[in-house]
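Just so it is clear, the values below take in all heavy atoms, side chains as well, and ignore hydrogens, waters and symmetry mates.
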Amino acid sequence: MNAAAFPTSAQQVPASILPSRGGVFGRLSDLFWRRPKLLLFLMLTPPLLWLGVIYIGSLIALLLQSFFSIDDFSGMVNYQFTLSTYAQLLNSANFDIIVRTVAMAALVTLASGFVAFPIAYYAARYAQGKWKALFYLGVMLPLWSSYLVKVYAWKLILAKEGILTWIFDKLHLSWLLDGVLALPVIGGNSLSVSYIGTFLVFVYIWLPYMILPTQAALERVPANLLEASSDLGATPNQTFRTVLLPLALPGVVAGSIFTFSLTLGDYIIPQIIGSSRLFIGQAVYTQQGTAGNVPLAAAFSVVPIVIMAIYLWIAKKQGAFDAL
């Protein structure tokens, strides 16, 4: 008998011979079975509406606000299209805020990469069984505690009367700490009110976001490539530069997306730890709340969006999205 005479799927069976199920849910189930695209449409519509109205809509509203200006006399928003608000970003005070924030984000990203790579390499190549579980636990554990608790804990550690100053004093290295704090621009009365302290806390807070993508990328590097490089006479340094780092680079770039963007938009850490000089997040908060200059706050908010758009385009060229 020819096998083609028998239907191979439920869709080939005439609807008239299928028993219909009673009740509202039964009829809906039959409808979605016959029209799977309708089910897909109904499932995707709510999240797409949320994304389009709440997220993208708010970004569009923010962008529109940045093209307005503040009347110097009345302090009210002038709802006329102008680029004068963006021109204010080029003022020395505002431009310094942008440069300061981008420089800090870049330094935090670089430092996180240097610290994360050996940790991720050990976890990818040598950690097995319970040691790998301990690695994931150690990396993820700081993320389980409150963000504010960690920041305030670091403020106590870095304070002039904190444990770090006490350790330097007991080791008779107070002169070294005083020398570091005496450095121009980055120093201060104590680490808790200096850019050095802000930098250390940023690296600590965002380091897990660099370790995990880097470790995932290193695990995908075939071990036989490293062995072949060694067999062909390459030194460990040459193997690292020509084989390991290029193959792990997408994971490093993927981690840098997190560390760079999170540092770029954070305003809590600079508010609690560091000097009185503002970062972009603080400038947005100040202009939105205290000063009441919503257009300038919106213009400041557009700056990280533009920077991250450029950064993501470069990251995509490096294959970073494949390592996420």
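- Residues satisfying the side chain to side chain contact (heavy atoms under 4.5 Å, CB included) criterion with S301, sequence neighbours excluded, are L62, V284.
- Residues M140 and L212 come closest through the heavy atom pair SD-CD1, 3.5 Å.
- Relative orientation of the F68 and Y79 rings is perpendicular, given thresholds of 30° and 60° on the angle between their planes.
- Counting all heavy atoms, side chain and backbone alike, L181 lies closest to S194 at CD2-OG, 4.4 Å.
- Here CD1 of I97 is found 7.0 Å from OG1 of T101. Values are rounded to the nearest 0.5 Å.
- From I269, atom CD1 reaches atom CH2 of W206 across 5.5 Å, with rounding to the nearest 0.5 Å.
- Atom-to-atom distance recorded for L312:CG and F260:CZ is 10.0 Å, nearest 0.5 angstrom.
- When all heavy atoms of T239 and S230 are compared, the closest pair comes out as OG1-N, 4.4 Å.
- For the residue pair T259/T109, the side-chain donor-acceptor check at 3.5 Å is satisfied.
- Looking only at side-chain heavy atoms (C-beta outward), N78 and I70 stay at 4.5 Å or farther from each other.
- With rounding to the nearest 0.5 Å, the separation of CD in Q88 from CG in L296 is 5.0 Å.
- A tilted orientation is assigned to the rings of Y204 and W154, their planes being inclined by 30° to 60°.
- Closest heavy-atom contact between P208 and P213: O-CD, 4.5 Å.
- Using a 4.5 Å heavy-atom threshold, the side chains of I186 and V180 count as separate.
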Between M210 and T214, does the side-chain contact (heavy atoms from CB on, under 4.5 Å) criterion hold? Intermediate values first, please.
CA-CA 6 Å; M210 177 66 80; T214 304; 3.9 Å; yes

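- Under a 3.5 Å cut-off, the side chain of D266 and the backbone N or O of I268 do form a donor-acceptor pair.
- Between Q215 and K132 there is a side-chain heavy-atom pair separated by less than 4.5 Å.
- Note: Y126 and Y121 have perpendicular aromatic rings, judged against thresholds of 30 and 60 degrees for the angle between ring planes.
- Between Y122 and F135, the ring center distance fails the sub-6.0 Å criterion.
- Atoms CG and CG, from L200 and L164 in turn, are 8.5 Å apart once rounded to the nearest 0.5 Å.
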Would you please test M308 and L264 for side-chain contact (heavy atoms from CB on, under 4.5 Å) and show each step?
CA-CA 9 Å; M308 283 310 303; L264 202 62; 4.1 Å; yes

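- Looking at Y311 and S256, their side chains do bring a donor and an acceptor atom within 3.5 Å of each other.
- Note that CZ of F240 is 4.5 Å distant from CG of L245, once rounded to the nearest 0.5 Å.
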